[in-house]
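What follows is a set of notes on a single structure, which appears directly below.
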Amino acid sequence: MRYDFNQIEKKWQDYWAKNETFKASNTSDKPKYYVLDMFPYPSGAGLHVGHPLGYIASDIYARYKRHKGFNVLHPQGYDSFGLPAEQYAIQTGQHPAVTTEANIKTYRRQLDQIGFSFDWSREVRTSSPEYYKWTQWIFIQLFESWYCKVHNQAFPISELVKVFENEGNEIIDAACDDNVEVFTASDWNSFSSVQQQEILLQYRLTYLAETEVNWCPELGTVLANDEIVNGVSERGGYPVVRKKMTQWSMRISAYAERLLQGLDTIDWTDALKDIQKNWIGKSVGASVTFNVIQSESEESHKIDVFTTRPDTIYGVSFMTLAPEHELVSQITTEAQKAEVEAYIEKTAKRSERDRMADVKTISGVFTGAYAEHPFSKAPIPIWIGDYVLASYGTGAVMAVPCGDQRDYDFAKHFNIDIPNIFEAVDISEEAFASKDNVTIANSDFLNGMNYKKATKRAIYELEQIGQGEGKTNYRLRDAVFSRQRYWGEPFPVYYVNGMPQMIDKAHLPIVLPEVEKYLPTEEGEPPLGRADVWAWDTKNNKVVSNDLCHSEQSEESHNGVYPLELNTMPGWAGSSWYFFRYMEDAMRDETFASEDALKYWENVDLYIGGSEHATGHLLYSRFWVKFMKDRGFIGVDEPFKKLINQGMILGTSAIVYRISGTKTYVSKGLKENHKVEEIRVDVNIVNASDEIDVEKLKQWQPQFKDAEFILEEGNYIVGREVEKMSKRWFNVVNPDSICEQYGADSLRLYEMFLGPLEQYKPWNTAGITGVHGFLKKLWKLYVGQESLNVNDVEPTKDNLKTLHKTIKKVEEDIENFSFNTSVSTFMIAVNELTAQKCTSKKILEPLLVLISPYAPHIAEELWQKIRNESSISTAPFPKFDPSHLIESSKNYPISFNGKMRFTMELPMDMSKDDIEAAVMAHEKTIAQLDGRAPKKVIVVPGKIVNIVG
RNA sequence: GCAGGAAUGGCGAAAUGGCAAACGCACUCGACUUAGAAUCGAGAAACUGAGAGUUCGAAUCUCUCUUCCUGUACCA
C-alpha cells in the first residue's frame with residue numbers, strides 16, 4: 001500500500017468537517033485553553049506559503065492541548081473591512097462586499113486544505129452587520145463613558161452629569177480635554193442643552209473634536225500615528241500632511257499608565273513590550289509656568305512647559321515655542337512680527353517628512369518677547385523654532401543649553417548665552433546631558449545637589465510659588481477614529497444642531513448604505529456623502545432617504561429626521577474585540593458575548609501573529625479590554641496572556657543575467673566576463689541545484705522566447721537573492737501547489753522544520769523533499785507492501801528507549817514552541833525504529849499521537865489502520881517514563897586540557913575515584929601524558945573526564 | 001541618536017557550561033533502471049563575526065569592537 005497523501009488528506013478533512021471534530025463546547029469539565037491566530041485580511045492574492053506559518057504553529061499547540069486533555073477553543077475569522085477591497089472597488093466599480101466574499105471563499109479553501117483544527121462554527125467577519133452591530137455598540141459605550149483619574153477607572157457619563165448638576169466640575173479629576181472651563185452646579189443647570197453636550201464631549205472616552213490630523217491626500221483619508229511610517233502612509237507610501245479637521249478620537253491617553261503597568265502582567269517578548277513602552281513614552285518631570293513680561297498695553301500671558309530636568313531650572317537662558325503654539329501671535333512684538341509670520345508660513349509648508357528628513361538644520365526666530373525666570377526673575381528671550389513639536393508636551397520648552405544638545409545647538413547658532421550650572425564640567429564643545437555624576441552649581445538653593453535631590457527641591461520650590469508641580473507626561477496621543485472611507489463600520493451617530501447623538505442599541509446595526517461610487521463627493525465629503533438613503537428618522541427609528549431631512553431649516557421642520565455621520569471607523573475597530581466574539585456560539589444576536597461564555601473562556605491563553613501590529617492592534621485591543629473591564633462588560637484586564645510573534649518567511653528569488661544590449665543570457669558562473677543586467681524570474685521553474693528549466697523559461701515570458709542561453713556544463717545556473725515574498729520578484733510560492741505535490745502534512749512539517757518560529761527565514765521549495773521523504777519512511781514503518789507491519793509483540797529495550805526519549809524531547813519542544821527541533825526528533829525516531837525493525841503496537845501507537853499535532857492526516861490514517869477507531873484528535877498524550885532512558889554505562893569523553901582525545905566506556909554507577917583510576921590506567925592516557933604528572937583530574941560522573949597538565 | 005535582537009559548513013539549522021555542526025537540503029560515489037524520477041546504501045566538507053576575560057572546560061557567562069536586522073526618532 002502506497003502513501004497516497006492526496007486521498008488521505010481529503011478523506012480526513014472531510015471527516016473532521018462532517019463530525020465537527022474540533023467544535024469547542026462552552027460547557028466542559030475539562031480545563032479550557034484558548035489558542036488564537038491574528039485573523040487575516042482576505043486579500044485578492046490569496047495565501048502564499050509565508051502566511052500559514054503562525055497558523056501551523058498555533059494549530060500544533062491547539063492539537064497538543066487536546067491530547068493533553070484540554071477543552072480547546074481554536075477559532076478563525078476574517079478582518080474583512082479594509083482599504084484594498086475599497087481601492088479595487090474604486091477601480092472596477094465592484095461592490096467591496098462582493099470581492100470580499102469571493103476572497104474569503106479562496107482563503108477558506110486554502111486554509112481547509114492545510115488541515116487546521118479550527119472551530120469554524122464560531123467564525124467572525126468584521127464586515128458582517130451581525131458582527132459590526134457590536135462594534136457600534138462598544139463605540140456607544142465609549143461615548144457614554146468618562147475616565148476618573150481618582151479611581152483610575154471609566155464610569156458611565158450619567159454619573160458625571162449628576163455631579164455636574166449638584167457640584168459643578170471643580171471637584172472632578174478626569175481624563176479630559178485641556179481647555180475645560182470650571183463651572184458650578186448652577187452654571188451647569190443654566191447651560192443650554194447644546195452647551196451641556198459640548199462640555200460632555202470634552203469628557204467622553206470617544207469624542208468629536210477639531211484636531212490636527214495626519215491627512216493623506218492620495219488615500220483621501222486621515223491616518224492614525226501607527227499607520228504612518230517614516231512620514232509617509234504605511235499603505236502605499238503616500239505623503240501625509242497636517243490638517244485641522246473635526247474627527248472622532250479615542251481617549252486612549254487616559255489609559256497610558258495602565259497600558260504600561262499591564263505589560264508586567266503578561267507573557268510577551270521583551271522586544272514587543274519595549275516597542276509598546278516606547279510608544280507610550282512615559283517621562284517623569286515637572287510642569288513649570290513662566291510668566292511673560294508684559295508691556296503696559298498687553299494682557300498677561302503664561303507659558304507652561306514640561307521638563308524632565310527641573311534641577312536645571314537655573315540653566316534656562318531662553319524659551320522656544322513650537323511655531324503653531326497659540327501664544328505666538330499674541331506675544332510677538334511689532335518689530336518681530338514680519339519675521340515671525342514668514343517663519344511660520346515657511347514651516348507650515350514643510351511636510352512632516354521634510355521636517356524629519358532634515359533634523360540637522362537649525363532654524364528659529366526671536367519673538368521679541370521675554371518671559372521671567374520663576375526664581376531669579378531674570379528676563380528670558382522667547383523664540384520659536386520647529387525643533388519644538390506642537391504635539392508633544394505643551395508645545396513649548398524651557399531651553400537649558402548647557403544640559404540639552406538641541407538647546408545647545410540652537411543657542412550656539414543664534415549666539416544665545418550658555419550659562420554653565422554644572423560643577424567641574426566642560427561645556428565648551430557640547431552639552432552635558434547625563435543625569436549621573438551631576439553636581440548643580442550657580443543655582444542658588446540647588447547648589448551642590450545631585451540630580452535626584454535637586455529635582456525634588458526644585459519641584460518643591462516651584463510649588464511654593466505656585467509656578468509648577470511634579471508631572472508625568474506620555475507620548476501616547478489620543479487615536480483618531482474617523483476614516484473618510486466607504487468600506488468600514490458606519491458610526492451609529494446622527495447630528496442634531498451639530499451635536500452627535502447615539503442611536504439606541506435596539507436599532508443596531510446601522511448598515512452600510514449603498515453608494516453609486518466609492519470616491520469622495522465633489523464637495524470633499526467622504527463616500528457616504530453620496531448615499532441617498534442616509535438620514536436617521538428618530539420617530540420610526542430607521543434609516544431613511546436624505547430628502548426627508550432639511551438640515552438648513554429650524555429644528556421643528558426636521559420632522560425628526562437628521563443626517564447620519566459620513567465617516568466610517570478605522571480598520572482597528574473590529575479587530576479590537578473579536579477575540580471575545582469567538583467565545584459566544586449560541587446567543588450572538590442578543591449579546592456580543594454572553595456572561596457565561598466570557599466567564600468560561602476568560603481571555604486568550606496563546607496568541608500568535610506578526611510583530612507589525614505592536615503599536616496598532618495589540619495596543620488598541622488592550623485599551624478596549626481595559627475599558628470594557630471598567631464598565632463591567634467583561635472580567636479580564638488583558639486580552640492576550642501569552643503572545644508569540646512568528647517570523648516572516650522570505651522568498652528566494654532567482655536571477656538570470658542578460659548581457660547588456662543583447663538577447664543573450666549567461667549562466668551565473670560565467671557572468672563575470674560580461675556586463676550584465678540582473679533579471680528576476682519565476683522561482684517555480686528552478687530546481688534544487690539552482691538550474692533553470694530553459695524551455696519553461698522561454699514559455700514563461702515573451703522576452704525569453706527567442707533568447708540565447710550560455711550554459712555551464714549543460715545547465716543554466718541562476719543567482720539567488722533572499723528578499724520579501726512578493727509578486728514583483730516572482731518568488732511567491734503558493735501553498736496549493738505544495739499541497740498537491742507533497743501534501744498538507746509535508747507543508748506543515750516543512751514550515752516548522754525551516755527554523756525557529758520567531759525567526760525570519762528563507763523559503764526554498766527544494767528542501768521539502770526532506771520532510772516528504774520522512775513521511776514516506778514513517779508510512780513504511782507501519783504499512784508493508786501487502787499488509788500492516790504493526791503487531792502485539794513486546795517492545796525491546798531499544799524500542800522503548802527511542803520512544804521515551806522522543807516523548808520527552810517533543811513535549812519539551814512544544815512547551816517551548818521549538819517546533820523545528822521536534823521535526824528532527826521525529827526523523828531520528830523513525831530512522832532508529834526502522835533500523836530496529838520495530839513492529840510493536842506499544843511503540844508505534846503512542847508515536848502517532850506525538851506526530852499527530854504536526855502531521856494530523858497521516859496520523860489519523862495510520863491510527864485508524866492499527867486501532868480501527870475513529871479520530872486520534874483527543875487520544876491522550878503518551879506519558880514519559882524516565883526509567884527507559886537509564887543507562888548502565890556511559891561512553892566518557894576523555895579530555896586533556898579541555899581537548900577531547902578519546903572516549904572510554906565505563907559503568908554509570910562507578911565512583912569518582914574509580915573512574916579516575918580507570919582513566920589514568922588507560923594506555924591512551926599514558927601515551928597522552930608522555931610521562932608528565934597531571935596537575936589535576938576533573939571527573940564529572942555521567943558527563944566528562946578532563947585531565948589538566 | 002536611542003531601544004531591542006542576531007552572527008555556527010555551500011544553504012536552513014542543532015547543541016544554553018562538558019565529544020561543535022544532530023536533522024534536512026545541496027554536493028560526490030555506488031546500487032536499482034533503456035532513461036529519468038523515485039528509492040536504497042556509502043562518503044566528503046566546514047572549528048562557532050573579531051579580540052580579551054572568567055573557568056579544569058565557553059558557541060553558551062562577562063567586557064570591548066565589527067557587521068546585519070527590527071522598532072523608534074528634534075519627545076524637552
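Proteins get letters first, then strands, A, B, ... in listed order; numbering begins at 1 in each. Here the structure is a predicted model, which means the values were calculated and not measured.
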Using OP1 and OP2 only, check whether a side-chain N or O of [X] sits under 4.0 Å from [N].
X	N	value
A:Lys776	B:A38	no
A:Arg406	B:C75	yes
A:Gln405	B:A76	no

If we take the [atom1] atom in both [N] and [M], what is their distance in whole Å?
N	M	atom1	result
B:A6	B:G43	P	36 Å
B:G17	B:G53	P	23 Å
B:G10	B:U48	P	13 Å
B:C2	B:A45	P	46 Å
B:A38	B:C25	P	11 Å
B:G51	B:C23	P	30 Å
B:U28	B:U33	P	23 Å
B:C27	B:C11	P	15 Å

Round to a whole Å and report the spacing from [atom1] of [X] to [atom2] of [N].
X	N	atom1	atom2	result
A:Trp268	B:G71	CH2	P	17 Å
A:Ile944	B:U55	CD1	C1'	13 Å
A:Ile313	B:A76	CD1	C1'	13 Å
A:Trp779	B:U39	CH2	P	16 Å
A:Arg720	B:A26	CZ	C1'	11 Å
A:Asn891	B:G18	CG	P	17 Å
A:Leu775	B:A38	CG	P	16 Å
A:Arg475	B:C75	CZ	C1'	7 Å

Are A:Lys801 and A:Glu887 close enough for a salt bridge, meaning some N to O gap below 4.0 Å?
->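 Yes, A:Lys801 and A:Glu887 are salt-bridged.
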Can you give me the closest heavy-atom contact between [X] and [Y], atom names plus distance?
X	Y	result
A:Leu775	A:Ala855	CD2-CB, 4.1 Å
A:Ala371	A:Phe290	CB-CB, 4.1 Å
A:Pro934	A:Met920	CG-CE, 3.5 Å

Nearest to the side chain of [X], which nucleotide is it out of [options]?
X	options	answer
A:Ile275	B:A3, B:C40, B:G71	B:G71
A:Leu389	B:G4, B:C74, B:C19	B:C74
A:Pro756	B:C19, B:A14, B:C40	B:A14
A:Gln759	B:A76, B:A13, B:A15	B:A13
A:Thr903	B:A76, B:C19, B:C74	B:C19

Pull out every protein N or O sitting under 3.5 Å from an N or O of nucleotides 21-25 of chain B, one pair per line with the distance.
residue: B:A22; atom: N1; partner: A:Ser824; partner atom: OG; Å: 3.4

How are the rings of A:Tyr750 and A:Trp763 set relative to one another: parallel (under 30°), tilted (30 to 60°) or perpendicular (over 60°)?
-> perpendicular
Measure up the A:Phe306 and A:Tyr392 rings against each other and bin them: parallel (under 30°), tilted (30 to 60°), perpendicular (over 60°).
-> perpendicular
Full working for side-chain contact (heavy atoms from CB on, under 4.5 Å) between A:Arg901 and A:Ile894 | CA-CA 6 Å; A:Arg901 295 301 176 195; A:Ile894 312 298; 5.9 Å; no
Where does RNA chain B form stems of at least three consecutive Watson-Crick or G-U wobble pairs, each pair having both distances below 3.5 Å?
->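 So the stems come out as B:1-7 with B:66-72, B:10-12 with B:23-25, B:27-31 with B:39-43, B:49-53 with B:61-65.
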Nucleotides 56-61 of chain B: which of its N/O atoms have a protein N/O under 3.5 Å away?
residue: B:C56; atom: O2'; partner: A:Asn946; partner atom: ND2; Å: 3.0
residue: B:C56; atom: O2; partner: A:Asn946; partner atom: ND2; Å: 2.7

Considering heavy-atom distances to RNA chain B, does A:His772 or A:Ser283 have its closest nucleotide positioned more toward the 5' end?
->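 This one resolves to A:His772.
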Between A:Gly281 and A:Lys780, which has a closest nucleotide on RNA chain B that is more 5'?
-> A:Lys780
The side chain to side chain contact (heavy atoms under 4.5 Å, CB included) partner of A:Lys890 among A:Met910, A:Lys943, A:Met908 is A:Met908
Let me know which of A:Val305, A:Leu321, A:Thr320, A:Thr394 forms a side chain to side chain contact (heavy atoms under 4.5 Å, CB included) with A:Val388.
->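 Answer to the side chain to side chain contact (heavy atoms under 4.5 Å, CB included) test with A:Val388 among A:Val305, A:Leu321, A:Thr320, A:Thr394: A:Thr320.
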Close side-chain approach of A:Val718 to A:Ile655, heavy-atom, < 4.5 Å |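 Of all side-chain heavy-atom pairs linking A:Ile655 with A:Val718, none is under 4.5 Å.
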Under 4.5 Å between any side-chain heavy atoms of A:Ile768 and A:Val771, yes or no?
->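 Heavy-atom side-chain distance check passes, below 4.5 Å.
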Classify the nucleic acid contact of A:Ser689 as base, sugar-phosphate or nothing, counting any heavy atom under 4.0 Å across all strands shown.
->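 Sugar-phosphate only.
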So what does A:Lys277 hit on the nucleic acid, given a heavy-atom distance under 4.0 Å: a base, only sugar-phosphate, or nothing?
->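 Touches nothing.
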Hey, does the side chain of A:Asp478 reach the backbone of A:Ser253 with a donor-acceptor pair shorter than 3.5 angstrom?
-> yes
Ring center gap for A:Phe318 and A:Phe414 short of 6.0 angstrom = no
Please test A:Thr312 against A:Val438 for side-chain contact (heavy atoms from CB on, under 4.5 Å), starting from the C-alpha separation and ending with a verdict.
-> CA-CA 10 Å; A:Thr312 64; A:Val438 181; over 6 Å; no
